[in-house]
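The first residue in the sequence is number 1, and the count goes up from there.
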Amino acid sequence: MDKIIKIALVFGTRPEAIKMCPLVKKLKENPKFKVITIVTAQHRQMLDSVLELFDITPDYDLNLMKENQNLWNLTSDILLETKRVFDKIKPDLILVHGDTTTAGISALSAFYSRIKIGHVEAGLRTFDKDYPFPEEINRVIVDSVSDLMFCPTDKAVKNIENSGIKKGIHKTGNTVIDALLHVVENKKTNLDFINLNPNLKTILLTSHRRENFGKPLENICLAIKELVEKNKDIQVVYPLHLNPNVRNTVKPILEGIERIKLIEPLDYAPFCSLMKKSHIILTDSGGVQEEAPTLGVPVLVLRDETERPEAIQYGGVKLVGTSFEKITSTVQELLDNQNEYERMSKAVNPYGDGKACEYIEKIIEEYFDI
Ligand code: UD1
Ligand code: UDP
C-alpha cells in the first residue's frame with residue numbers, strides 16, 4: 001500500500017484559522033495525506049466563528065483560552081497539551097502558521113518530540129525583538145526549528161536565507177489570499193445590522209497589538225475623534241477585538257460619539273464585505289494589510305515598524321505609526337488628495353495569487369517523496 005503521510009495542522013487564533021482553514025481543506029482532498037486538525041483555542045469565540053465559516057470540526061480542541069490570559073500560562077499550557085496530543089497521534093509533519101504563541105510554542109513542542117515542522121507564512125521579520133511583541137521572537141523560533149518554510153514573498157525568502165538556513169525554503173504566496181478570494185467569491189453577506197450611512201465615506205479601524213496598549217492606542221482613538229469632528233462626510237467603524245486591554249482603553253474615549261460605531265468583532269465574511277465597502281482602512285493588523293490591496297482599499301498602518309514592507313513598496317499601504325499628528329495629517333491628506341487616493345487604491349497585491357495552498361501541497365508531496 002502507498003505511504004500515507006500524517007499531517008497535523010495546529011492553530012489557535014482568528015488570523016491563524018483564516019489562513020490555515022483553506023489549507024486544511026486543500027490537504028484533506030489529497031488521498032496521500034491523513035489530515036488532523038488540532039486547535040489550541042488560544043482564542044475561543046473568534047476562532048470558532050472561522051471554523052464554522054469553513055465548516056471545519058477540529059479533531060483535537062485543547063480549549064486553552066482563559067479570560068485576560070498571560071503569556072506565561074498560555075505558553076506552558078500549549079507546550080504540555082500539544083505534547084500530549086503529539087504523543088498520541090505521532091504525526092509525520094506538523095504545520096503551524098505565523099507568529100502567535102500557539103505557533104511558536106507548538107513548533108517548539110514538536111521540535112522536542114522530534115517531529116518534522118512546516119511553517120506557513122515563514123520569513124517575516126522586523127529585526128527588532130520588541131516590535132511586534134512577542135511575535136517577532138515567535139517567528140524566529142518557528143523558522144529555526146522548521147524543516148519546511150512556506151514564504152509569502154521573495155523578501156521573506158531572503159530573510160531566512162540571510163539567517164544562514166539553507167534548506168527547505170519555498171516561496172508560495174500567502175494563504176490569506178486563498179481565504180479572501182474564497183470568501184469574496186462564495187459567501188454573500190449583509191451589513192445592514194451595522195446601519196452605515198450610505199452617503200458618508202466609511203473608515204474602517206482595527207487595532208489590537210500588545211505594543212499599542214495604553215498611550216499609543218489612546219492616541220489612535222483621539223486622532224479618530226478629531227478626524228470625525230473635522231470631517232462631517234466620514235463615519236468610522238471599529239470592530240473591537242475581544243481582548244479587554246483593547247476595550248478598556250477604546251470605550252471611554254470613543255463610545256457614544258456621533259458617526260463612530262464601536263461594534264463586536266465581525267465574522268470573516270462580513271468583515272471582508274466591510275473592507276471592500278470602506279474608503280480607507282486604518283489598522284495594526286497583519287492580515288488586514290495583506291488583504292486590503294486585493295480589494296483596492298488604501299491601508300494606513302498604525303505601527304512604527306513592519307515585517308510586511310512589500311505592500312508599502314507596491315504603493316497600497318503606508319506606515320503611519322501611532323502619533324496623533326501623523327495619523328490625523330495622513331488621513332486628512334488621503335481624504336483631500338484625490339490623486340494620491342487613486343494611486344494607493346490601484347496598487348497591486350504582492351502577497352500571492354490565491355494558490356498558496358496548492359503550492360504548499362505539492363512541496364509537502366515532494367518533501368516526502370510521494
Ligand atoms: C493574539 C496574538 C497576536 C495576534 C492576535 C490576533 C499572541 C501573543 N498574540 O493576540 O499575535 O495578532 O491574537 O487577534 O499570540 N479573547 C476572547 N475571545 C476570543 C479571543 C480573545 O475573549 O475569541 C480575549 C481573552 O480575554 C483573552 C484575550 O482576549 O485572554 C487575549 O487573547 P490573546 O490570544 O492572549 O492575545 P491577543 O491580543 O488576542
Ligand atoms: N478580521 C475579522 N473580523 C474582524 C477583524 C478582522 O474577520 O472584526 C480578520 C481580518 O480580515 C484578517 C484577520 O481577521 O484576516 C486579522 O486578524 P487580527 O487582526 O486579529 O490578527 P493579525 O492579522 O494582526 O495577527
Side-chain angles (χ1 to χ4, degrees), residues 14-15 46 68 126 128 130-136 194 196 200-266 271 274-275 277-292 297-309 311-312 316-336 340-341 344:
R14 170 174 66 192
M46 284 158 56
N68 209 3
T126 60
D128 182 336
D130 298 316
Y131 296 93
F133 173 83
E135 289 83 358
E136 179 71 6
I194 307 178
L196 290 172
L200 301 179
K201 289 176 183 161
T202 298
I203 296 190
L204 172 60
L205 167 65
T206 81
S207 178
H208 73 278
R209 302 228 77 86
R210 267 180 169 68
E211 63 275 15
N212 279 348
F213 291 166
K215 190 72 188 142
L217 186 52
E218 262 175 59
N219 289 344
I220 293 168
C221 294
L222 292 170
I224 287 296
K225 192 169 169 218
E226 168 88 0
L227 283 160
V228 165
E229 274 162 16
K230 277 217 170 116
N231 297 275
K232 304 294 177 210
D233 61 339
I234 65 168
Q235 59 194 336
V236 172
V237 185
Y238 186 173
L240 283 178
H241 194 287
L242 292 177
N243 193 328
N245 295 296
V246 173
R247 301 184 154 229
N248 295 342
T249 302
V250 173
K251 285 192 169 183
I253 306 178
L254 293 183
E255 199 154 47
I257 296 180
E258 205 190 338
R259 287 180 285 112
I260 297 182
K261 290 176 190 297
L262 302 183
I263 60 173
E264 290 305 308
L266 289 171
F271 187 77
L274 182 60
M275 281 197 285
K277 262 191 184 329
S278 297
H279 187 67
I280 300 171
I281 300 178
L282 285 167
T283 191
D284 63 9
S285 159
V288 174
Q289 292 176 58
E290 295 158 341
E291 292 160 337
V297 185
V299 177
L300 303 180
V301 178
L302 303 165
R303 295 169 56 178
D304 296 319
E305 301 191 46
T306 183
E307 63 286 8
R308 294 174 170 86
I312 298 176
V317 170
K318 269 188 191 166
L319 204 58
V320 293
T322 56
S323 96
F324 175 90
E325 287 76 20
K326 189 76 196 286
I327 296 171
T328 47
S329 62
T330 316
V331 174
Q332 197 62 55
E333 127 103 324
L334 210 48
L335 287 170
D336 296 341
E340 178 59 3
Y341 185 84
M344 282 190 81

Steps toward side-chain contact (heavy atoms from CB on, under 4.5 Å) verdict (V331, L300): CA-CA 8 Å; V331 174; L300 303 180; 3.7 Å; yes
When you look at T202 and Q235, which way does the side-chain hydrogen bond (donor to acceptor under 3.5 Å, both in side chains) test go after all the steps? CA-CA 5 Å; T202 298; Q235 59 194 336; 3.1 Å; yes
In sequence, state the C-alpha distance, the side-chain angles, and the governing distance for L242 and E264, and then conclude on side-chain contact (heavy atoms from CB on, under 4.5 Å). CA-CA 8 Å; L242 292 177; E264 290 305 308; 3.8 Å; yes
Working note: I253 + L217, criterion side-chain contact (heavy atoms from CB on, under 4.5 Å); need CA distance, chi angles, decisive distance, verdict. CA-CA 10 Å; I253 306 178; L217 186 52; over 6 Å; no
Take L227 and Q332 through the test side-chain contact (heavy atoms from CB on, under 4.5 Å) and record every step on the way to the result. CA-CA 8 Å; L227 283 160; Q332 197 62 55; 3.7 Å; yes
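Distance check, rounded to the nearest 0.5 Å: CD1 of I194 to CD1 of I263 gives 4.0 Å. Rounded to the nearest 0.5 angstrom, I327 CD1 and L222 CG are separated by 9.5 Å.
Using a 4.5 Å heavy-atom threshold, the side chains of V301 and T306 count as separate. E211 is not listed as a side-chain neighbour of D130, based on a closest heavy-atom distance of 4.5 Å or more. A heavy-atom distance below 4.5 Å is found between the side chains of L205 and L302.
A distance-only check finds no donor-acceptor pair linking the side chain of R210 to the backbone of P134 [under 3.5 Å].
Scanning all heavy atoms of the two residues, the minimum distance from T283 to Q289 falls at CG2-CG, 4.3 Å. Taking all atoms of both residues into account, the shortest heavy-atom contact from V246 to S207 is CG1-O, 3.6 Å. Contact between H279 and L335 at its shortest, heavy atoms only, is CD2-CD2, 4.0 Å.
Dense packing is recorded around CZ of F213, with more than 12 heavy atoms of other residues, nucleotides or ligands lying under 6.0 Å away. The local environment of NZ in K225 is sparse, with at most 12 non-hydrogen atoms from other residues, nucleotides or ligands closer than 6.0 Å.
With respect to the salt-bridge test (charged N to carboxylate O, under 4.0 angstrom), the residues R209 and E135 qualify. A salt bridge does not link E255 to R247: none of the charged side-chain nitrogens sits closer than 4.0 Å to a carboxylate oxygen.
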